[in-house]
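Read through the structure below, which is laid out as structure tokens, and then see the notes.
Residue numbering restarts at 1 for every chain, and letters A, B, ... go by the order of the sequence lines. Hydrogens, waters and symmetry mates are skipped; everything else that's a heavy atom, side chains included, is used.
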Amino acid sequence: MINITLPDSSIREYSSGITGLEIAESISSRLAKEVLSVTVNGEVWDLTRPISQDSTVRLNTWDDKEGRHAFWHSSAHLMAEAIQTFYPGTKFGIGPSIETGFYYDIELPDDKQLTEKDLEKLEQKMLELAQQKSPFVREDISKKDALDFFSKRNENYKVELINGLTDGSITLYKQGDFTDLCRGPHIPNTGYIKAIKLTSVAGAYWRGNEKNKMLTRIYGVTYPKKKMLDDYLILLEEAKKRDHRKIGKEMELFMFSAEVGQGLPMWLPKGTILRGQLQKFLSQVQKRFGYTEVITPHIGDVKLYKTSGHFQKYGKDSFQVINTPVEGEQFMLKPMNCPHHAEMYKFKPHSYKDLPIRFAEFGTVYRYEQSGELHGLTRARGFTQDDAHIFCRPDQLKDEFMKVIDIIFIIFKALNFKEYTAQISLRDPNNKEKYIGSDENWNKAEQAIVEACEEKGLKTITELGEAAFYGPKLDFMIKDALGRSWQLGTIQVDYNLPERFQLEYIGADDKRHRPVMIHRAPFGSMERFIGVLIEHTAGKFPIWLTPDQAVILPISEKYNDYATKVLNLLNNSDIRAVIDDRNEKIGKKIRDNELKRIPYMLIVGEKEVESGEVSVRRQGEGDKGSMQMEDFANMIKKEVHDQLAFIYN
RNA sequence: GCCGAAUUAGCUCAGUUGGUCAGAGCAGCUGAUUUGUAAUCAGCAGGUCGGGGGUUCGAAUCCCUCUUUCGGCUCCA
């Protein structure tokens with residue numbers, strides 16, 4: 001007999017060789033139906049794998065990541081089986097589960113291309129195979145046998161994978177006529193899979209390396225119930241409606257033009273108001289934190305970027321140098337603001353008492369991003385960073401770093417961003433040539449970030465190889481409508497550029513010292529931030545940001561003059577309002593997405609003209625009754641103030 | 001940059017095997033209506049079918065190419 005400890009700390013006794021599924025059955029028949037995988041002493045197992053020692057066990061259902069993982073990973077195998085029946089000779093790469101669903105990378109025989117119709121065909125086949133309820137059978141195999149098995153089938157990708165594994169830890173999984181190299185775990189049989197949607201085909205490099213062959217990647221998602229798939233597809237549709245590219249067009253915030261060029265956003269009047277409000281907001285916050293604003297040009301001498309190291313690292317992938325009538329004179333569009341700010345620091349000698357110096361600039365930069373990577377506002381070729389560089393003494397570093405975290409929190413709070421990931425991005429220790437600077441400096445910088453985060457009690461994840469080339473950073477990632485993660489706020493510690501630019505200050509000891517530099521952009525860039533903000537709010541911004549705070553609707557043409565008078569009065573009290581004088585039925589206007597995103601509606605007609613008031617309706621809240629313009633303006637001002645009150649405390 | 005899918009009116013989209021296929025709705029304009037919270041009526045106007053080549057008696061439709069867009073990969077200062 002063995003003792004099984006369950007998550008609630010209760011201990012049950014079972015005979016040795018009991019399986020996860022049997023444990024579930026002994027608890028309740030309903031659990032037995034829902035359970036998908038089992039975690040045994042921290043390792044996720046198949047439900048049908050016998051447990052022969054005392055163990056801590058957790059049964060994973062759809063609500064657990066481990067349960068969904070087993071389900072979707074099994075679905076990848078099912079898809080592979082379907083692919084194999086239609087296209088014998090297909091070579092399989094890897095087929096993992098992802099956050100939602102799964103994919104499989106494959107090389108089809110004769111470079112066959114898959115179309116939408118092929119996907120439907122595959123879906124049908126998968127359903128058919130699922131109905132056969134083929135069990136997933138696990139088999140331990142020696143490295144030699146595994147190599148033999150896959151070599152015989154010309155499965156060179158699998159052979160490569162096996163070569164990287166240690167003998168004794170290799171397992172195969174078989175279901176129906178399909179056998180795959182796989183660590184598992186899997187669901188008991190294919191019959192669990194009831195609803196299937198293959199979502200897209202894409203190219204993907206083998207092992208993620210650009211130099212390798214490009215395989216065909218098929219994405220899919222499956223569910224244990226048909227209804228769950230339907231719900232997911234509806235959710236996807238809803239998410240698409242929040243796409244910032246769509247809303248940006250509808251609200252006339254920004255545009256792109258093929259004539260101007262790819263990846264170069266242009267801000268329309270309303271978008272400019274929105275962006276201006278955000279800048280004003282951050283400017284105010286920064287002022288309180290002791291920043292001073294500066295302005296630098298959009299281009300710089302190539303020599304500047306050679307000093308900084310940017311030219312050597314990115315020169316050939318950038319917008320190319322700008323020549324002048326003078327032979328040998330070359331400029332570059334600035335890809336970042338740091339070199340300019342470093343030069344500004346050198347404008348005059350600094351005492352240790354002057355530090356920290358904080359130069360802030362909403363600086364527009366240009367980067368030649370690969371064409372396939374461009375994505376609306378979130379990845380553009382010209383964008384404006386809410387940049388600042390803090391030059392400080394080493395003993396001030398941690399404190400300064402933490403103050404930047406505070407600024408980021410103020411922003412997230414003001415815009416109601418609750419779900420973010422704080423990522424410490426360090427250098428890849430196995431790939432040091434990608435970075436500039438000494439080990440000593442890197443260690444100091446990395447340590448400073450880790451300590452500052454600890455002291456702030458910030459929950460972080462750590463990624464190796466994600467650092468900037470001159471220093472490690474702390475990045476704040478936020479997801480867009482479709483769940484794609486974007487880096488917004490970033491704080492970077494840099495010991496290297498101060499050295500390259502030979503920045504110094506005179507210490508209390510009357511000797512020259514090197515300052516440390518913090519690069520930081522709490523929004524990341526105005527463009528990306530607004531892109532993500534649009535998707536989070538679906539275009540319904542907090543009232544202090546929204547381009548039009550109120551829309552004035554005259555119920556007929558007769559009242560247009562009065563509406564104009566209202567507009568003027570509001571504009572004079574700094575309320576952003578517009579007239580919608582299309583003079584049609586009010587009900588018809590309300591359906592417009594454009595109007596739905598304006599917080600206040602002011603209806604004016606005969607009644608209002610007589611009383612000299614406006615009828616006020618707050619979107620989503622209903623009628624507020626009639627009031628004087630002045631009262632209305634004060635109401636908006638109070639709302640704005642309330643939303644931002646916490647900044648002033 | 002790579003793989004794949006697209007590109008038709010300001011917007012959202014139809015358009016069958018190449019032959020009344022230049023279409024609809026919304027927006028716009030002109031009238032009529034003067035209306036109080038999700039669609040008032042009538043009419044008009046809008047497009048070298050993304051650009052350029054080609055095949056064909058004939059191309060929105062088939063082929064090539066370029067632009068831009070979308071989904072991924074890679075990249076991301």
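Residues A:R217 and A:E466 each lie close to RNA chain B; by heavy-atom proximity, the contact nearer the 5' end of the strand is made by A:R217. Both A:G261 and A:Y314 sit near RNA chain B, but only A:G261 has its closest nucleotide nearer the 5' end.
Across B:A60 and B:G18, the matching C1' atoms stand 11 Å from one another, rounded to whole Å. To the nearest whole angstrom, the two C1' atoms, one in B:U65 and one in B:U55, are 15 Å apart. Going from the P atom of B:G51 to that of B:U61 covers 10 Å, rounded to whole Å. Taking the C1' atoms as reference points, B:G4 lies 22 Å from B:C76, given to the whole Å. Using atom C1' as the reference point in both B:A22 and B:A45, the two lie 15 Å apart (nearest Å). Comparing B:U7 with B:G15, their C1' atoms are spaced 15 Å from each other, to the whole Å. B:A5 sits 26 Å from B:U48 when the C1' atoms are compared, rounded to a whole Å. Only the P atoms considered, B:C73 is 24 Å distant from B:C13, to the nearest whole Å.
Using a 4.0 Å heavy-atom distance criterion, A:K313 is classed as making no nucleic acid contact. When heavy atoms are screened at a 4.0 angstrom cut-off, A:R484 is found touching the sugar-phosphate backbone but no base atom. Counting any heavy atom pair closer than 4.0 Å across all strands shown, A:A204 reaches sugar-phosphate atoms only and no base atom. Across all strands, A:Y219 comes closer than 4.0 Å only to sugar-phosphate atoms, never to a base (heavy-atom distances). Contacts of A:S257 with the nucleic acid, taken as non-hydrogen atoms under 4.0 Å apart, are absent. Contacts of A:G208 with the nucleic acid, taken as non-hydrogen atoms under 4.0 Å apart, involve only primed sugar atoms and P, OP1 or OP2.
Below 30°, between 30° and 60°, or above 60°: for A:Y470 and A:H519 the angle between ring planes is below 30°, a parallel geometry. Between A:Y305 and A:H310, the ring-plane angle classifies as perpendicular under the 30° and 60° cut-offs.
Straight-line distance from the OH atom of A:Y103 to the P atom of B:G72: 13 Å, rounded to whole Å. Atom CE in A:M601 sits about 10 Å away from atom C1' in B:A38, given to the nearest Å. Taking atom CG on A:L215 and atom P on B:C73, their separation rounds to 14 Å, with Å as the unit. Across the protein-nucleic acid pair, A:M214 atom CE and B:C2 atom P stand 9 Å apart, rounded to whole Å. Rounded to an integer number of Å, the gap from CD of A:Q262 to C1' of B:G1 is 11 Å. B:A6 atom C1' lies 14 Å from atom CZ of A:R245, rounded to whole Å. If you take CD of A:E210 and P of B:C73, they are 13 Å apart, rounded to a whole angstrom. In this structure, A:L236 places its CG atom 10 Å from P of B:G72, rounding to the nearest Å.
Base-pair partner of B:C2: B:G72 (Watson-Crick or G-U wobble, both distances under 3.5 Å). Nucleotide B:U40 forms a Watson-Crick or G-U wobble pair with B:A32, both donor-acceptor distances falling under 3.5 Å. Across all strands shown, B:G25 forms a Watson-Crick or G-U wobble pair with B:C11, both key distances being under 3.5 Å.
In textbook terms, a nucleotide whose glycosidic angle is within 90° of 0 is syn, and B:G46 is one such case.
One can find a donor-acceptor pair under 3.5 Å joining the base of B:G36 and the side-chain atoms of A:E608. For A:T199 against B:G71, no side-chain N or O and base N or O form a donor-acceptor pair under 3.5 Å. Between the side chain of A:R381 and the base of B:C76 there is no donor-acceptor pair of N/O atoms closer than 3.5 Å. Side chain A:R379 to base B:C76: a donor-acceptor pair is found below 3.5 Å. In terms of polar N and O atoms assigned as donor or acceptor, the side chain of A:Y205 never comes within less than 3.5 Å of the base of B:G72 in a complementary pairing.
Within the model, atoms CD1 of A:I83 and NZ of A:K125 stand 13.0 Å from one another, a figure rounded to the nearest 0.5 Å.
Residue A:H375 places at least one side-chain N or O under 4.0 Å from the OP1 or OP2 atom of B:G71. Regarding contacts with the backbone of B:C3, every side-chain N or O of A:T216 stays at 4.0 angstrom or more from both OP1 and OP2. A sub-4.0 Å separation between OP1 or OP2 of B:U12 and a side-chain N or O of A:K249 is present.
Of the listed nucleotides (B:G1, B:U37, B:G72), B:G72 has the atom at the smallest distance from the side chain of A:A202. For A:R528, taking side-chain heavy atoms from C-beta onward, the closest of the listed nucleotides B:C76, B:G71, B:A77 is B:C76. Taking every side-chain heavy atom of A:A468 into account, B:A77 is the closest of B:G36, B:A77, B:G71.
The closest side-chain donor-acceptor pair between A:Y219 and A:R217 falls under 3.5 angstrom.
Between A:F469 and B:A77, no base-stacking contact is recorded for ring centres under 5.5 Å apart and planes less than 30° from parallel.
Remark: A:R381 is positioned above the aromatic ring of A:Y368, its terminal NZ or CZ atom under 6.0 angstrom from the ring centre and at most 45 degrees off the axis.
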>> A:E238 vs A:R242, test: salt bridge (Lys or Arg N to Asp or Glu O under 4.0 Å). Steps then yes/no.
In response: CA-CA 7 Å; A:E238 289 299 312; A:R242 299 205 310 269; over 6 Å; no
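The shortest non-hydrogen separation linking A:K473 to A:E466 is CE-O, 3.2 Å.
A salt bridge is absent between A:D548 and A:R597: the closest approach of a Lys/Arg side-chain nitrogen to an acidic carboxylate oxygen does not fall below 4.0 angstrom.
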